[in-house]
Amino acid sequence: MTNREVADLLRLIADMLEIKGEVVYKALAYRKAADNIEALGRDINEVWRQGKLREIPGVGEALEKKLDELLRTGRLGYYEELQEEIPVGVVSLLSIPDVGPKTAKLLWEKLGALSVADVERAAREGKLRQLPGLGVRSEQRILEGIESLYRRTTRIPLGVAWPVANELAQALRQELGTDTVEPVGSLRRMKDTVGDIDLLAAYEEPEQATAAFVRLPQVAEILSHGPTRASVVLYNGLQVDIRALKPERYGSLLQYFTGSKEHNVKLRTLALSKGLSLSEYGFKRGDQELLCPKEEDVYHALDLPWIPPELREDRGEIEAAQQGKLPKLIERNDIRGDLHVHTDWSDAAATLAEMAQAAQKLGYEYLVISDHSQGLGVARGLDIARLRQQRAEIDKLNEGFSGFRLLHGAEVEIRGDGTLDYPDEVLQELDVVIASVHSGLRQDREAMTTRVIRAMRNPHVDILGHPSGRLLGQREATNVDLDAVLRVAAETHTILEVNGTPNRLDLDDVHIRQAIQLGVQLAVNTDAHSVNGLEVMEYGVAMARRGWAEAHHVVNTLPLPQLLERLTLKEHSTIR
DNA sequence: GCCGTTTTCGGCCCGACTGTTTTCAGTCG
């Protein structure tokens, strides 16, 4: 079982326990363990083999026993017993907005509902309003919730939500005549996907801010609307929540609303240990209030340095802050060039000259042209003759540049057996070789892992492109064993790509962090297929930051001479 | 079910909004 599968099962059990009516803290404990297993960055099976399950935070005696049974036999007796009591169908009702464990249990016990469709039917027949604690309004609300559930297909990639959120924030800033409107929540933490958009407004009359917000022309439907918070659905189907408070509490609100929930919970616990109570309004010591106009004030009150939003996932950042060991995260301006872009030589829109010009405009010192290799026919991959023609043109262009250089690379297909799409003598001519998997994506774990590792052991392969192959919202990652890939990358000095294309963001944050811990170096690239595509660098950098990357972990922060030297490391290395 | 510079037992974060209530429970973030 994968970490994800184990985590999902623990979360399912947590839901069942809640519906059953167990003390909520029990369910909480399961969820916490699930979160930590998912964010582990190591294969849980390996942790289990080493007998180190207890070292995972949130795993105690009872969960260790259950995990051991699960990983050893693939089954869990405790879960099977629970299933006898609480059918999985009841758990599925929790996906309906405004239906929690109590309501789910009620719907099941009184109406026998075991699916969202059952609830929908009962609601249409007016049966929900007859249940204790529910009325006509609740019935209507649940029905609307089901409809929105059908509309809402999946989480939204960061690259989609980010521009929408900024446009909304800008509209509201103009409406209110203030600067203090910002996207917050998982967006501000730059998570790879977001469930909804959260906005924050600091305004003297908060109720006017929420009122102006629900009146924005983008708003299709108002879900709730109070003096300090409101929730709407846009015409594009995205849900947006806003919170508004007076500016004097701006720092507390910004901190609170940025999350994550887990990070905030830990901060509050920390506050309690110092005799303070923390909420979005600020600190309280007894009746005495301590306001935080700036976000830094919140952290300083807890004797912590300010923590960058990208780290706020309760993955050790608070402990690191306490010990003064927060990383100095890489920034967008540290990037000196893009190592992965395409041109009209293969499947992209812009010419070599256009891409070079755009890169110089961004202040880059270098740009690697890396069109597809011959095997990727659908992308008009370059055969060896055209590749050499391209080299000639790049050389010619370079004569006209000063303080900037085009490098010649290629994104070379990793074939099904792990061999590469150009022979070694051709690879050797290139400044940068990116090896990527684009075909045969359904191979089983062993075949896929062997394939990728074989490619990495080629001394000419500098970078492994989009290592997991995932396409957010469209395609799962391939079966590749990333743990093994990371180990071999460390051993062979192969650079791993952090691909900034919005629906890739690959590597993800968890594996970036693991890579760094193993001493693997990264390249943050855009994989741009147009001039505008170069702009997505900010998403790639955001992923790197979420993975605790500092500038020195990323090779394209190096000045050109050092980069070129780094790129020869593998050929000169004796370890293969 | 986890966990311990206030505890190996008794805690475990805080508040808004909604609807169905006569003072609060459920849900959400």
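All values below were derived from every heavy atom in this structure, side-chain atoms included, with hydrogens, water molecules and symmetry-related copies excluded. Naming convention: chains lettered A, B, ... in sequence-line order (proteins, then strands); numbering from 1 in each chain.
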Requested in this report: Describe the nucleic acid contact of A:L28 in one word from base, sugar-phosphate, nothing, applying a heavy-atom distance below 4.0 Å.
Outcome: nothing
Query raised in the report: If you measure from the Lys or Arg side-chain nitrogens to the Asp or Glu carboxylate oxygens, is any gap between A:D35 and A:K261 under 4.0 Å?
Result: no
Query raised in the report: Any idea which of B:dT27, B:dG1, B:dG15 is nearest the A:K284 side chain?
Result: B:dG15
Query - Flag, side chain of A:N3 to backbone of A:I44, donor-acceptor distance under 3.5 Å - result: yes
Query - Counter-base of B:dG11, judged by Watson-Crick or G-U geometry with both distances under 3.5 Å - result: B:dC2
Query raised in the report: Which nucleotide sits closest to the side chain of A:L63: B:dT27, B:dT20, B:dG1?
Result: B:dG1
**Report entry** Under-4.0 Å side-chain N/O to phosphate OP1/OP2 contact, A:T103 with B:dA25
**Finding:** no
Requested in this report: Would you indicate, yes or no, if B:dA16 has its OP1 or OP2 atom less than 4.0 angstrom from a side-chain nitrogen or oxygen of A:Y281?
Outcome: yes
Query - Proximal nucleotide (of B:dC28, B:dC17, B:dG1) relative to the A:T228 side chain - result: B:dC17
Query raised in the report: Out of B:dA16, B:dC2, B:dC14, which nucleotide sits closest to the side chain of A:R229?
Result: B:dA16
Query raised in the report: Rounded to whole angstrom units, what separation is found between the CZ atom of A:F257 and the P atom of B:dG15?
Result: 16 Å
Query raised in the report: To the side chain of A:S279, which of B:dT20, B:dG15, B:dG29 is closest?
Result: B:dG15
Query raised in the report: Charged N to carboxylate O under 4.0 angstrom, A:K246 versus A:E248?
Result: no
Query raised in the report: How far, in whole Å, is B:dT23 from B:dC28 if one measures between their P atoms?
Result: 25 Å
**Report entry** Same-atom distance (P) from B:dG15 to B:dT21, integer angstrom
**Finding:** 27 Å
Query raised in the report: A:R54 CZ to B:dC3 P: how many Å, rounded?
Result: 8 Å
Query raised in the report: In whole angstrom, what separates A:D241's CG from B:dC17's C1'?
Result: 12 Å
Report task. Given side chain to side chain contact (heavy atoms under 4.5 Å, CB included), test A:L131 with A:L111 step by step and report yes or no. Result -> CA-CA 9 Å; A:L131 298 176; A:L111 299 174; 3.8 Å; yes
Query raised in the report: If we take the C1' atom in both B:dG26 and B:dT20, what is their distance in whole Å?
Result: 11 Å
Query raised in the report: Taking atom P of B:dG26 as reference, at what distance in whole Å does atom CD of A:E18 sit?
Result: 12 Å
Query raised in the report: Hey, is the side chain of A:Y256 pairing donor to acceptor with the base of B:dG29 inside 3.5 Å?
Result: yes
Requested in this report: Assign A:S277 to base, sugar-phosphate, or nothing according to its heavy-atom contacts below 4.0 angstrom with the strands shown.
Outcome: sugar-phosphate
Report task. Measure the distance from CG on A:L128 to C1' on B:dG26 and round it to the nearest whole Å. Result -> 15 Å
**Report entry** Closest-nucleotide ordering on DNA chain B, the 5'-leading residue of A:S138 and A:K26
**Finding:** A:K26
Report task. Assign each of A:D196 and A:V136 to its nearest nucleotide of DNA chain B by heavy atoms, then name whichever residue's nucleotide is nearer the 5' end. Result -> A:V136
Requested in this report: Check every atom of B:dG1, B:dT18, B:dC14 against the side chain of A:K66 and return the nucleotide holding the closest atom.
Outcome: B:dG1
Report task. For A:E125, look at atom CD and say whether over 12 heavy atoms of other residues, nucleotides or ligands are found less than 6.0 Å away. Result -> yes
Query - Parallel, tilted or perpendicular: rings of A:H263 and A:Y299 (30°, 60°) - result: tilted
Query raised in the report: Counting any heavy atom closer than 4.0 Å, what does A:K105 reach on the DNA or RNA strands: base, sugar-phosphate only, or nothing?
Result: nothing
Query raised in the report: In whole Å, what separates the P atom of B:dA16 from that of B:dG10?
Result: 32 Å
Report task. For nucleotides B:dG1 and B:dT6, find the distance between their C1' atoms and express it as a whole number of Å. Result -> 22 Å
Query raised in the report: Checking all strands, does A:L267 fall into the base, sugar-phosphate, or nothing category for heavy-atom contacts under 4.0 angstrom?
Result: nothing
Query raised in the report: Given the C1' atoms of B:dC12 and B:dC17, what is the spacing between them in whole Å?
Result: 25 Å
Query - Length of the line joining A:R243:CZ and B:dC17:P, which is rounded to integer Å - result: 7 Å
Query raised in the report: If you look at every strand shown and take non-hydrogen atoms under 4.0 Å, does A:E61 touch a base, only sugar-phosphate, or nothing?
Result: sugar-phosphate
Report summary line: Checking B:dA16, B:dC14, B:dT27 against the side chain of A:L272 (C-beta onward), the nearest is B:dC14
Query raised in the report: Of A:T258, A:V184, A:D241, which is the lone residue that meets side chain to side chain contact (heavy atoms under 4.5 Å, CB included) with A:L200?
Result: A:V184
**Report entry** Atom-pair distance (CG on A:L223; P on B:dC28), nearest Å
**Finding:** 12 Å
Query raised in the report: When you check the glycosidic angle of B:dT6, does it come out syn, meaning within 90° of 0, or anti?
Result: anti
**Report entry** d(NE2, A:H225; C1', B:dC17) in whole Å
**Finding:** 12 Å
Query raised in the report: At under 4.0 Å, does any side-chain N or O of A:Y25 touch on OP1 or OP2 of B:dG1?
Result: no
Query raised in the report: Counting heavy atoms not belonging to A:R332, are there more than 12 under 6.0 Å from its CZ?
Result: yes
Requested in this report: For A:V99, report the nucleic acid contact type (base, sugar-phosphate, nothing); a contact means any heavy atom under 4.0 Å.
Outcome: sugar-phosphate
Requested in this report: Assign A:K261 to base, sugar-phosphate, or nothing according to its heavy-atom contacts below 4.0 angstrom with the strands shown.
Outcome: base
Query raised in the report: Taking the side chain of A:V23 as heavy atoms from C-beta outward, which of B:dA16, B:dG19, B:dG1 is closest to it?
Result: B:dG1
Query - Sugar-phosphate only, base, or nothing, as touched by A:L17 at under 4.0 Å among non-hydrogen atoms - result: nothing
